Structure formats: structure tokens, C-alpha cells
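What follows is a single structure, written as C-alpha cells, with notes after it.
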Amino acid sequence: MQILSLIQDRFLQALEGWVEDPAQYVEQVAVARDARFGDYQANIAMPLAKTLGAKPREIAEQIVERLQVEDLCEPATIAGPGFINLKLKLNYLGEQVTHIAADSRLSVGQVTPRKYIIDYSSPNVAKPMHVGHIRTTVIGDALVRILRFLGHQVIADNHLGDWGTQFGMIIYGYKHFVDPAAFETQPVAELGRIYRIVQSVIAYQAAVLKLPQAEQKLALARQRRQQLDAEPNADAKQQKKELKAAERSVKAAEEELEGLRQKVEAVQGDSELRSIAQDHENIEQKAQLETAKLHEGHAENLELWKKFMPISITEIESVYDRLGIRFDYTYGESFYQPMLGGVVERLIERGLAEENEGAICVFLPGFDTPMIVRKRDGAFLYATTDLATIEYRMEKFSPDAMLYVVDHRQSEHFEKLFAAARAMGYRDVELKHISFGTVLGADGKPFKTRSGNVLGLDYLLDEAVERAYEVVCDPARLQKAGLELSEEEKRHVANVVGLGAIKYADLSHNRTSDYKFDIAEMVQLEGDTAAYIQYMYARASSILRKAETEVNAANVERFPVMLQEDAERALALQLLQFEDALRQSVSEYYPSVLAAYLYSLARMFAVFFDQCSVLKADSTPLQQSRLVLCYATRQVLSTGLELLGIDVVERM
RNA sequence: GCCCCCGUAGCUCAGCUGGAUAGAGCAACGGAUUUCUAAUCCGUGGGUCGCAGGUUCGAGUCCUGCCGGGGGUGCCA
């Protein structure tokens with residue numbers, strides 16, 4: 001049920017043969033901004049007034065005269081300068097609610113299928129997953145689910161970082177610091193420990209080298225600021241500007257210095273790390289050497305890589321299992337590695353790439369820096385891998401679209417990548433970077449612990465589930481709600497609510513904005529949260545369980561929907577807009593549109609619940625009508641949440 | 001230097017292709033409970049939509065400049 005496009009079609013018919021290019025005006029038909037105006041509004045008389053050379057209100061009258069919507073709407077009204085307002089008929093609304101309730105697809109039509117490849121999550125193997133992986137994983141998963149539900153063919157591809165420099169670090173660490181017993185019993189934890197050792201020492205050694213320079217930079221910045229203070233410039237505006245700039249560089253230098261000192265302190269304050277740092281000079285280069293050896297096919301390193309891969313992947317998969325996320329393919333970087341030389345050769349052959357300062361570069365119009373596909377030392381880069389990936393995917397899957405769910409910092413990379421792909425001849429495929437903002441901590445800076453470490457994703461999920469348990473399974477609350485749950489059920493509910501809280505907090509924000517990751521807030525379970533929506537689902541389920549009349553998809557036709565109260569009408573209208581919400585959420589790939597729709601639906605159900613008693617309704621037909629509303633709401637809520645990757649429970 | 005993104009209520013954020021009096025949630029205050037699960041509902045207060053111009057019948061939304069914040073910027077991913 002695409003109610004909006006249905007109404008737009010009627011306007012199209014009304015305008016056809018009268019105005020030129022009516023389609024552009026029909027776009028101006030939308031859901032009413034304010035319910036007092038009606039359900040839908042058409043803002044097309046004003047722009048038409050100009051082209052037709054008449055007064056907008058007269059145009060509006062003519063449109064209304066030509067418009068045929070008697071089967072759907074009450075007579076159209078004209079307001080203000082020429083707004084045309086429409087209100088759906090009650091019996092039409094009611095019939096449509098019945099259709100939704102009776103249909104397993106909730107009256108959502110099938111689209112003309114396209115083939116999508118969605119590239120998301122893509123963690124680096126052998127590095128712990130952290131908060132930074134939430135967005136790409138959760139947004140990508142939601143897009144996969146929604147597109148599939150609409151009838152598209154979707155290939156979910158996890159482009160693992162399994163060939164990068166982190167392996168050199170682990171290989172080096174394994175060769176020198178492994179505790180064989182620990183590796184035997186707890187390989188994941190031991191690899192994590194090794195990785196952190198090497199990473200800290202690399203950061204430490206780099207920091208020690210940079211420290212004097214950073215101190216000098218700070219001193220210079222302070223000096224500059226003092227100078228500006230002491231010698232007023234004739235140009236006051238210029239003076240102010242320079243002073244601001246000086247302030248900024250002082251602040252930046254202070255922060256940089258502080259960061260370096262923390263890295264130094266992290267190692268010097270730990271006797272084991274301190275001695276490792278002393279015994280392993282230039283550990284970064286040594287790790288890089290191990291990476292290079294791996295890439296060259298060095299037997300021992302390749303063996304170690306093969307040994308580490310399944311360990312890491314098992315760990316990553318355990319997180320996906322918790323989150324209910326599945327991929328069709330996990331072709332990591334290593335998969336494309338044998339193709340990279342060929343990609344570069346083809347680029348050169350076709351005149352797209354050339355050597356510059358020893359590197360092979362693709363110069364693209366509109367960019368002031370080239371895309372480098374082979375370094376001076378012969379190594380390939382991620383741009384090379386990404387081009388190989390596009391070639392491979394086009395060859396193997398010939399998709400209509402490839403979406404990359406990757407954070408906004410890589411936008412320039414994707415612009416170049418797509419430009420290069422176009423130059424290679426891939427013109428008929430939609431290539432799109434689904435970029436998203438940064439996850440921030442309470443301080444408004446990228447989410448980290450005080451010590452500057454990132455928190456493991458597993459830990460964050462545990463934390464959310466634990467908090468959810470405290471709130472949802474608070475004994476006083478359960479007693480008040482009259483719920484007796486076994487410990488097992490409580491755990492289940494906490495899990496569903498906690499994981500839902502994390503996913504919803506992410507998905508309900510516009511993906512392009514940064515957002516603050518605050519577990520306490522998202523698991524507070526009030527307001528615009530997953531728990532609120534899940535709660536409304538549970539309440540609807542509860543009513544349906546208690547009702548004497550069993551209402552389900554197979555029998556709803558027998559119970560006509562009557563919409564007497566405003567709350568019932570508003571709920572019905574919202575139910576009708578489900579498909580519009582789904583379509584809109586994937587038109588520019590914003591799952592937040594669906595999240596906002598579901599929250600509105602849940603709110604409208606709450607008002608309905610408050611104002612319209614179902615079990616104590618005045619008559620049996622009215623009760624049955626309301627049961628159908630509960631049933632339809634319940635179905636749309638659970639289906640919608642499922643499309644966001646969020647579960648529901650029958651009682652909570 | 002150049003490029004990209006952002007700036008909306010005390011806080012966290014919506015605001016689709018320009019449309020009528022800019023919306024939620026949290027926090028504050030006041031109401032509603034012999035509850036179909038009050039994690040609820042109703043109400044009140046709270047805004048120069050960063051600033052200044054411009055385009056338009058109409059601008060939070062589009063254009064230009066400025067201020068403020070963040071990110072990126074040839075051999076990391």
C-alpha cells in the first residue's frame with residue numbers, strides 16, 4: 001500500500017492534458033505537515049499559478065474540480081494561498097487496515113527487483129572489534145533487510161581486512177611474546193594481548209621520538225600567541241583572526257603533547273612493556289618487515305597467518321551471532337590479493353594510470369591528488385584492492401548497485417574510486433558511499449576510555465544487556481506490571497532490550513550526523529528508544545492474548561474496522577504509511593526514516609491504548625475492530641523492528 | 001593552503017524533493033492510576049534555526065560571504 005503515490009497518481013491524472021510536465025508538480029503532494037489540515041496536502045497551485053498566469057486559489061479550484069478521489073477521500077478543501085488538503089475516508093482507512101492485517105507482507109508491494117551488493121562491517125581481522133564497528137554493521141544490516149523485504153536481491157559482503165599491517169604486528173608479537181600455554185587454552189585472548197603489546201610499544205616509540213618536536217611546537221605556538229598579544233596590529237580584524245589561529249595552534253599542540261605523554265606513560269608505567277620497548281627497538285619497522293614477508297609468501301609467516309585467521313574469525317563471528325547478523329560472502333582483502341597486479345597492468349595498458357615519482361598513479365579530472373595503485377616499493381594499496389573488488393564483483397555478480405557502508409572520513413577515497421571505476425568502463429552500476437558520522441563519547445570526542453583505549457564491542461554489548469536487566473527486570477516494576485518471569489525469561493528479555501537499545505540508538509540517528517554513545521541514556525528505556533517500541537508491541541500482544549475473540553491474519557476479514565475516536569483514526573493512518581516509510585528509508589539509504597516511523601506508530605498506539613479500551617469496549621463489534629487495530633499494529637511493529645535487526649518479546 | 005561535513009529549545013536529536021504557527025525525547029513543573037503491563041497518557045514553560053546578505057509568492061531547507069566546530073588532504077586503511 002503506497003498511499004502517497006496513489007494520491008499522487010490521482011493528481012497526475014487531474015493535471016494531464018492541461019499542464020506541461022505534470023510529474024514535477026505531483027512531487028509536491030505530501031503527508032500533511034499538521035494533522036489539522038488533513039492527511040495529505042498538495043502544494044501545487046502556487047508554482048502552477050506562475051506558469052498558467054492565474055491566481056493560485058483559482059488554480060487550486062480548477063485542480064480540485066478535475067481531481068477524482070471520491071473513493072479515497074472526503075471532498076478536497078483549499079486553504080491559505082492555495083494549499084489543497086485531503087482527508088481519507090474512514091471506511092477506506094478501515095478497509096486498508098484489514099488488508100494489512102490479513103496480509104503476511106502487511107500490504108507492502110513487491111518492487112521491480114534490483115541486484116545490490118552491500119559492503120559493510122569489514123572489521124580488521126586480528127584486531128578486537130570496537131564501538132567504531134557498530135555503525136557500519138548495524139546500518140548495513142538494516143539496509144540489507146529492508147531492501148530484501150521490498151523484493152530486491154541483496155548480496156551482503158563482509159570485506160574483511162585480513163591482509164593488512166596488523167598481521168605483521170601479531171606475527172612479530174607471536175614470535176617474541178607468546179605465552180604458549182595461554183595460546184593453547186585461550187587463543188583469542190592471547191592474540192589480543194600480543195596485539196596490544198605491539199601496538200602500545202609502537203605508539204610509545206613513535207611518541208618518544210615525536211616528544212621533543214611536540215614540545216618545541218607548543219613553545220613556538222605559545223610564543224607566537226604572546227607576540228600577538230604584545231604587538232597590536234594596525235588592522236584590528238586581522239589581529240583578531242591571527243590571535244584566534246594562534247590560540248587554536250596552542251590548543252592543538254597541547255592536546256597532541258598530552259596524547260603523546262599518555263602513550264609514553266602507558267608503557268613506562270608497566271614494567272613488562274617497558275622492558276619490551278627497550279629490547280625491541282624500532283618495533284614498527286620490524287612488524288612491517290613481517291607484513292612484507294607475509295605478502296611475499298614467506299612460508300613461516302603464511303603458516304602463522306593461516307593459523308591466526310580462523311581464531312580471529314571465530315571471535316568476530318561470535319559478535320555477529322549475538323547481533324543476529326549474517327553475510328553471504330566474506331571475501332576479505334586476501335581474496336583479491338592475487339588480482340592486484342592484473343588491475344594495475346590493465347590500468348596502465350588503457351592509459352588510465354602512469355608512473356609518477358616511482359609510484360603508479362591514476363590521475364583523475366577534478367582531483368588535485370592522484371589515486372595511487374602501486375607504491376614506489378612495489379606494494380599495492382587499498383585503492384588497488386577496491387578496484388579489484390569492483391572488477392571481480394561486476395564479473396561475477398553483475399549487480400545494479402554497490403553500496404559501501406563506510407565512515408565519512410573516507411568520502412574522498414570513494415569519490416576517486418568511483419571516478420576510476422567509471423573510467424574503467426563501469427558506468428551502468430550505481431556506486432554509492434553510504435557514509436556515516438562518528439560515534440562520540442560523553443565529552444563529544446570520539447568514543448574512547450579515559451586512558452585513550454577503545455572499548456571492546458563485546459564489553460559494550462554486555463554492558464547494555466546488564467543495564468537493561470536492571471531496568472526491565474526490576475522486581476518492583478515486574479510486580480506492578482503483574483509479570484512473573486523465570487530467570488531464563490528475564491535474561492532473554494534483557495538481551496533483546498539491551499541489544500535493541502544499542503542498535504536503535506544508532507539507527508534512529510540520521511546516519512550522516514555524529515552521535516553521542518551513552519549507554520546509560522539509550523538503556524534508560526524512556527522516550528525514543530527501542531524499549532518503548534518493544535513495550536508497545538508487548539502491550540498489544542497482551543491484549544490479543546487476553547481477548548476472548550482470537551484475531552489473526554486468517555480471520556480479520558470478519559471483523560470490520562470502525563474508526564470513531566481520533567486516536568483510532570490516527571493509528572490507522574499511520575499503519576497505512578508503512579510502505580511509504582520503507583520506500584523512503586531506502587531511497588537515499590537512511591534507516592533512520594524507518595526508525596522514526598516505528599516510533600511514531602508506537603506513540604500512536606500508546607495514545608490509542610490510553611484512550612480506547614479494547615477489552616472493555618462498548619460493544620462486541622467495536623471490541624473486535626480494536627483487536628484488529630492491535631493485531632495490525634503488532635505485526636507492523638515487529639516486522640519493522642525486524643527490518644532494523646531488532647527483536648521483540650511477548651511480555652516485558 | 002585546498003576539499004568535505006556540521007552549527008535548530010538547558011541537554012540529546014528529527015525536520016524527505018523549499019510550503020501554512022519550526023518538532024520529538026530527556027531534564028523542570030502541573031495533572032491523570034480500583035492499569036486491557038503507568039517503561040504510559042494529557043498539559044505548561046523553554047527557539048534571533050551560528051551571523052549577514054541574496055534568490056523566491058514562500059527559506060531551517062537553495063546561493064554567496066563571514067564566524068565557530070569536526071574531518072580529509074600522493075605512496076596507512
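Proteins get letters first, then strands, A, B, ... in listed order; numbering begins at 1 in each. Only a predicted model underlies this, so the values are computations on that prediction, with no experimental measurement involved.
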Quiz item: Roughly how many Å is it from NZ in A/Lys516 to C1' in B/C26, rounded to a whole number?
Solution: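 The distance from NZ of A/Lys516 to C1' of B/C26 comes to 13 Å, rounded to the nearest Å.
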Quiz item: Just wondering, more than 12 heavy atoms not from A/Asn356 lying within 6.0 Å of its CG?
Solution: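 More than 12 within 6.0 Å, yes.
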Self-check item: Neighbour count >12 (heavy atoms, 6.0 Å) for atom CG, A/Asp618
Solution: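 Not more than 12 within 6.0 Å, no.
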Self-check item: Pairwise C1' distance for B/U73 and B/G50, with rounding to whole Å
Solution: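 To the nearest whole Å, 27 Å.
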Exercise. Indicate, with a heavy-atom threshold strictly under 4.0 Å, whether A/Asn124 touches base, sugar-phosphate, or nothing.
Key: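 Nothing, no heavy atom under 4.0 Å.
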Quiz item: Is any side-chain N or O of A/Lys480 closer than 4.0 Å to OP1 or OP2 of B/U33?
Solution: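 Result: no.
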Quiz item: Between A/Tyr590 and B/G15, does any side-chain N or O lie under 4.0 Å from OP1 or OP2?
Solution: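 No.
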For [N], what is the paired nucleotide under Watson-Crick or G-U wobble rules, both distances under 3.5 Å?
| N | result |
| --- | --- |
| B/C26 | B/G10 |
| B/U40 | B/A32 |
| B/C51 | B/G65 |

Practice problem: Establish, yes or no, whether a centroid distance under 6.0 Å links the rings of A/Phe418 and A/His433. | Solution: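 Ring centroids of A/Phe418 and A/His433 are no less than 6.0 Å from each other.
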Starting the side chain at C-beta, find the nucleotide from [options] nearest to [X].
| X | options | result |
| --- | --- | --- |
| A/His408 | B/G71, B/U37, B/G74 | B/G71 |
| A/Lys546 | B/U37, B/G74, B/C41 | B/U37 |
| A/Thr369 | B/G74, B/A20, B/G18 | B/G74 |
| A/Cys361 | B/C36, B/A24, B/G74 | B/G74 |
| A/Arg33 | B/G15, B/U17, B/C2 | B/G15 |

Exercise. Measure across A/Ala60 and A/Gly82 and return the closest heavy-atom pair with its distance rounded to 0.1 Å.
Key: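 Distance-wise, the nearest heavy atoms are CB-O, 3.9 Å.
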